[in-house]
Amino acid sequence: MAFTSVYTCAYLLVIGMSALISSSAGAVVCPCKTKNGCVRPNRMKSTDKEVFVVTNGSADYKTWEWGSLTSVIATEDNVNTDIMCFAHQMHKKYGFMVQLDYKSANSSSPEWVDHVVSRRNSSHADFVTVKLMDVLKTKDASIVSKVQAILMDLKKALTPKIHYGHPIEMVCVVPWKPACYGGDCSLTQGTLYHSCDWLMIDPSSFEYQHEGSGCKARASVPFTMISLGVDEYASVGINEESIIMGIPWHGYKYNCKHFTFDMGLSTCTLKEVTSEGQTTPHCDVAGSREMISVGELLDNHPDELTKSYWNKAYKAPMFDHCISNMSQCHQYWYENVRSLRLKYQYVHDFGLKGIAIYFAEDLSKSHTPANEGFTGGMWNWVLHGILQTTVKQPPPVKYHPDVVAGVAVGCLLLGLVMGVLFTCLGLRNRVKKTPGTPFKRDHQVEYHDEDDDLNL
């Protein structure tokens, strides 16, 4: 009997040690100096605005205005746990970006989901940002069901049991307007709505083909298209409170194939190309421009920035730069404090969830004294509280017709009574007033000759 008890205890001890070893081997070690560095900050209120910053890890993140931010997103090639540790130390959320491309959606979806979950666990990310631009730009309607299945599987894998902690949020990067296939918008209406916690508008999706406005250089994010895209999302059932507006802090330098200047307005026409298998040429936007940071603009074109032209339709600044006799011209479109403020105000006024700044490096590359005022101003526009301030509107007052009529009649009668009363009082004072001596006031007036020096 004693032997059996000893054997049983030894067996249980071995099982317990094996479980402890296996759990320790499978656990993810926190790379931060303290374990609190891997702990997600407290959840925000549902009414608070989000301010995401997308970074590739090359900027000095310790110099950011962290009080202006709520979350940091690392790009696909950026594996830097130092940013995660520092973000949690500053009580901000950390996440990373991963792309669901057309190949992954058609072949190895389980492997792709496992890869994302594994990376989430190793990086201690608080949310995952999934770029859907590649699959949503395709014309293949069959991709819809595959994307739906992958996003649902990923959402399920990222949602832990209650006792494991907070669920991992999923942010989906989408075009500026809903992606529909032959009028079928089920992907946006169904899957994106149920799987994605938030929809983030990709600022690079505002590119356009040779349609409507022509093949010309224009603002990176035309203000007119912002409201149109948000309205279309609302029309397919996406609530504005789940939309995050991607806003670039960088600009673009356009290479003009033809440049004209007439009546104070310049036009930069871009080249057109014909893709393989197509007969209609389209505007080569990607091949005609290059991204340029605000720091580069400040370093290379300080004079042009002070003389820039404000486009009223796009609500964005721009300037032209031509060599010698206008043989080679470039047109620059960018963002400044004025254009950013309008976009931030739109997000605030129309109830969007927040903004995503692309990219933090656009302001962090240049630290010369001449640039600190410009870049500091752009940072501070987030800090000024345009987004963080919650405006509480008073509840609408319901007026009934009989109440309105009664108030109108009452105001009319009250005005009539008050008018008669003041008229009577005025006439009464006028009657009791004793006439004065003629020309009495003439003795109070001083007269001066023309030669007198009047110090007026």
Side-chain angles (χ1 to χ4, degrees), residues 99 101-102 131 133-140 173-177 179 201-226 228-229 246-301 303-305 307-336 339 358-359 361-362:
Q99 177 173 267
D101 54 22
Y102 188 80
K131 292 182 64 176
M133 297 300 300
D134 186 68
V135 293
L136 296 183
K137 288 191 298 185
T138 64
K139 302 298 182 181
D140 185 6
V173 181
V174 297
W176 67 277
K177 64 178 181 178
I201 305 298
D202 188 344
S204 64
S205 66
F206 287 90
E207 294 182 3
Y208 55 97
Q209 303 298 319
H210 184 39
E211 301 173 356
S213 60
C215 189
K216 302 173 184 177
R218 66 177 186 181
S220 306
V221 180
F223 195 84
T224 50
M225 297 175 69
I226 291 179
L228 175 61
I247 299 177
W249 268 356
H250 55 266
Y252 285 98
K253 170 186 176 182
Y254 288 89
N255 184 21
C256 307
K257 183 178 180 180
H258 300 292
F259 180 83
T260 58
F261 188 84
D262 185 31
M263 302 293 292
L265 298 176
S266 59
T267 302
C268 175
T269 305
L270 311 180
K271 66 178 181 179
E272 299 181 36
V273 296
T274 303
S275 302
E276 183 178 355
Q278 297 182 349
T279 57
T280 305
H282 64 272
C283 190
D284 186 18
V285 179
S288 300
R289 71 180 186 181
E290 61 178 289
M291 186 183 298
I292 183 169
S293 69
V294 173
E296 293 172 315
L297 286 173
L298 289 167
D299 291 337
N300 302 326
H301 303 279
D303 296 334
E304 285 85 348
L305 288 178
K307 303 174 183 178
S308 60
Y309 170 78
W310 177 259
N311 187 284
K312 295 181 180 179
Y314 298 148
K315 299 188 185 304
M318 55 82 64
F319 66 87
D320 305 308
H321 182 74
C322 297
I323 300 176
S324 63
N325 57 348
M326 299 179 65
S327 59
Q328 183 179 2
C329 293
H330 297 92
Q331 194 169 88
Y332 293 78
W333 289 85
Y334 61 101
E335 300 286 345
N336 62 6
S339 63
Y358 285 69
F359 297 92
E361 283 70 23
D362 290 329

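Source: prediction; values computed, not measured. Both backbone and side-chain heavy atoms feed into the values below; hydrogens, waters and symmetry mates do not.
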Minimum heavy-atom separation for [X] and [Y], please, with both atom names.
X	Y	value
Pro248	Pro203	CD-CB, 3.8 Å
Pro317	Tyr334	CD-O, 3.3 Å
Glu304	Asp320	CG-O, 4.4 Å
Tyr314	Pro222	CD2-CB, 3.7 Å
Phe319	Leu297	CZ-CD2, 4.1 Å
Val294	Trp249	CG2-O, 2.8 Å

Going by atom types alone, do [X] and [Y] pair a side-chain donor with an acceptor below 3.5 Å?
X	Y	answer
Asn255	Ser288	no
Ser204	Asp202	yes
Tyr332	His301	yes

> For the residue pair Tyr252 and Tyr254, does the interplanar ring angle fall in the parallel (under 30°), tilted (30 to 60°) or perpendicular (over 60°) class?
Replying inline: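 It falls in the tilted class, 30° to 60°.
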
Is there side-chain contact between [X] and [Y], with at least one heavy-atom pair below 4.5 Å?
X	Y	value
Leu298	Leu305	yes
Val221	Met225	no
Gln331	Met318	yes
Lys315	Ser339	no
Gln328	Phe259	no
Pro175	Leu136	yes
Trp176	Ile226	no

> How would you list, by chain and number, every residue that makes a salt bridge (charged side-chain N to carboxylate O under 4.0 Å, His left out) with Lys271, sequence neighbours excluded?
Replying inline: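 Lys271 satisfies salt bridge (charged side-chain N to carboxylate O under 4.0 Å, His left out) with Asp284 once adjacent residues are dropped.
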
> Under the 3.5 angstrom rule, does the side chain of Asp134 hit a backbone N or O of Tyr102 as a donor-acceptor pair?
Replying inline: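 Yes, the answer is positive, given that a donor and an acceptor are paired below the 3.5 Å cut-off.
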
> Can you check whether Tyr358's main-chain N or O pairs, donor with acceptor, with His250's side chain at less than 3.5 Å?
Replying inline: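 Yes, His250 side chain to Tyr358 backbone: donor-acceptor pair under 3.5 Å.
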
>> So, taking the atom named NE2 in His330 and the one named NZ in Lys253, what distance separates them when rounded to the nearest 0.5 Å?
In response: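 NZ of Lys253 is found 4.5 Å from NE2 of His330.
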
>> What's the separation between atom CE in Met263 and atom OG1 in Thr260, rounded to the nearest 0.5 Å?
In response: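 Rounded to the nearest 0.5 Å, the CE-OG1 separation comes out at 13.0 Å.
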
> Can you list the steps and then say if Trp333 with Ile292 is a side-chain contact (heavy atoms from CB on, under 4.5 Å)?
Replying inline: CA-CA 9 Å; Trp333 289 85; Ile292 183 169; over 6 Å; no

>> I'd like to know whether Leu265 forms a side-chain contact (heavy atoms from CB on, under 4.5 Å) with Tyr309, so could you lay out the CA-CA distance, the side-chain angles of the two residues, the decisive distance to 0.1 Å, and finally the verdict.
In response: CA-CA 9 Å; Leu265 298 176; Tyr309 170 78; 3.3 Å; yes

> What residues, two or more places apart in sequence or in another chain, satisfy side-chain contact (heavy atoms from CB on, under 4.5 Å) together with Asn300?
Replying inline: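 Expected list: Glu296.
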
> For Cys329 and Cys268, is the interatomic SG distance under 2.5 angstrom?
Replying inline: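 Cysteines Cys329 and Cys268 do not qualify as a disulfide pair, their SG atoms being 2.5 Å or more apart.
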
